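Read through the structure below, which is laid out as structure tokens, and then see the notes.
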Amino acid sequence: MNTLNETVALMNSDDYKDRFCAEYWQLKIRYEKLHTILIKNEAGTLGFDLSCPAYVLENQYRHMGEYLHDLELRAEIEKIALTE
């Protein structure tokens with residue numbers, strides 16, 4: 001999945017596994033976009049000024065990565081396929 005709109009059907013499902021997958025993909029999409037912003041900011045190619053200090057976004061990125069890990073671990077334990 002590449003966009004948040006692609007996760008809407010999963011998020012609205014009655015099946016908790018679908019909703020779990022939607023949560024995972026929404027987080028992963030946001031995590032990858034934040035990663036791009038942080039890389040471009042560090043390289044000086046972002047094209048706009050951040051509205052908060054970079055360390056705040058870096059902390060957010062770290063926490064999001066830890067949460068992704070937790071979701072991936074739970075998916076493995078519960079045998080939930082995180083496929084697109």
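Because the structure is a prediction, the values reported are computed rather than measured.
Applying the salt bridge (Lys or Arg N to Asp or Glu O under 4.0 Å) test to Glu66 and every residue at least two apart in sequence or in another chain returns Arg62. Residues forming a salt bridge (Lys or Arg N to Asp or Glu O under 4.0 Å) with Arg30 (at least two apart in sequence, or on another chain): none.
Formation of a donor-acceptor pair under 3.5 Å by the Arg19 side chain with backbone atoms of Ser13 is found in this model. The backbone N or O of Thr3 sits less than 3.5 Å from a side-chain atom of Glu6, completing a donor-acceptor pair.
Criterion: ILVMFWY side-chain heavy atoms under 4.5 Å apart, direct or through other members. Under it, Ile77 and Leu27 are not part of a common hydrophobic cluster. Side-chain heavy atoms closer than 4.5 Å link hydrophobic residues (I, L, V, M, F, W, Y) into clusters, and following such links, possibly through other members, connects Tyr31 to Leu50. Two different hydrophobic clusters hold Leu73 and Phe20 under the rule that ILVMFWY side chains link at heavy-atom gaps under 4.5 Å.
Heavy atoms of other residues, nucleotides or ligands lying less than 6.0 angstrom from OH of Tyr55 number 12 at most.
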Could you go through residues 33-49 and list every donor-acceptor pair under 3.5 Å that involves a side-chain atom there, pairing it with any protein atom two or more places apart or in another chain?
unit_1 : atom_1 : unit_2 : atom_2 : d
His35  : ND1    : Tyr61  : OH     : 2.7
Thr36  : OG1    : Glu32  : O      : 3.1

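The two residues Cys21 and Ala81 make their nearest non-hydrogen contact at SG-O, 3.3 Å. Here the closest heavy-atom approach between residue Ile29 and residue Leu4 is recorded as CD1-N, 3.9 Å. Of all heavy-atom pairs between Trp25 and Leu82, the closest is CZ2-O, 3.1 Å.
In this structure, the separation between CD1 on Ile80 and CG on Leu71 is 9.5 Å, given to the nearest 0.5 Å.
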**Request:** Would you sort out whether Met11 and Gln26 count as a side chain to side chain contact (heavy atoms under 4.5 Å, CB included), showing the intermediate values?
**Result:** CA-CA 10 Å; Met11 185 54 73; Gln26 289 170 3; 3.4 Å; yes

**Asked** Going through the distances and angles, do Tyr24 and Glu72 end up as a side chain to side chain contact (heavy atoms under 4.5 Å, CB included)?
**Response** CA-CA 8 Å; Tyr24 171 80; Glu72 290 168 354; 2.9 Å; yes

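With Gln60 as reference, Met64 is the one residue of His63, Glu58, Met64 to meet the side-chain contact (heavy atoms from CB on, under 4.5 Å) rule.
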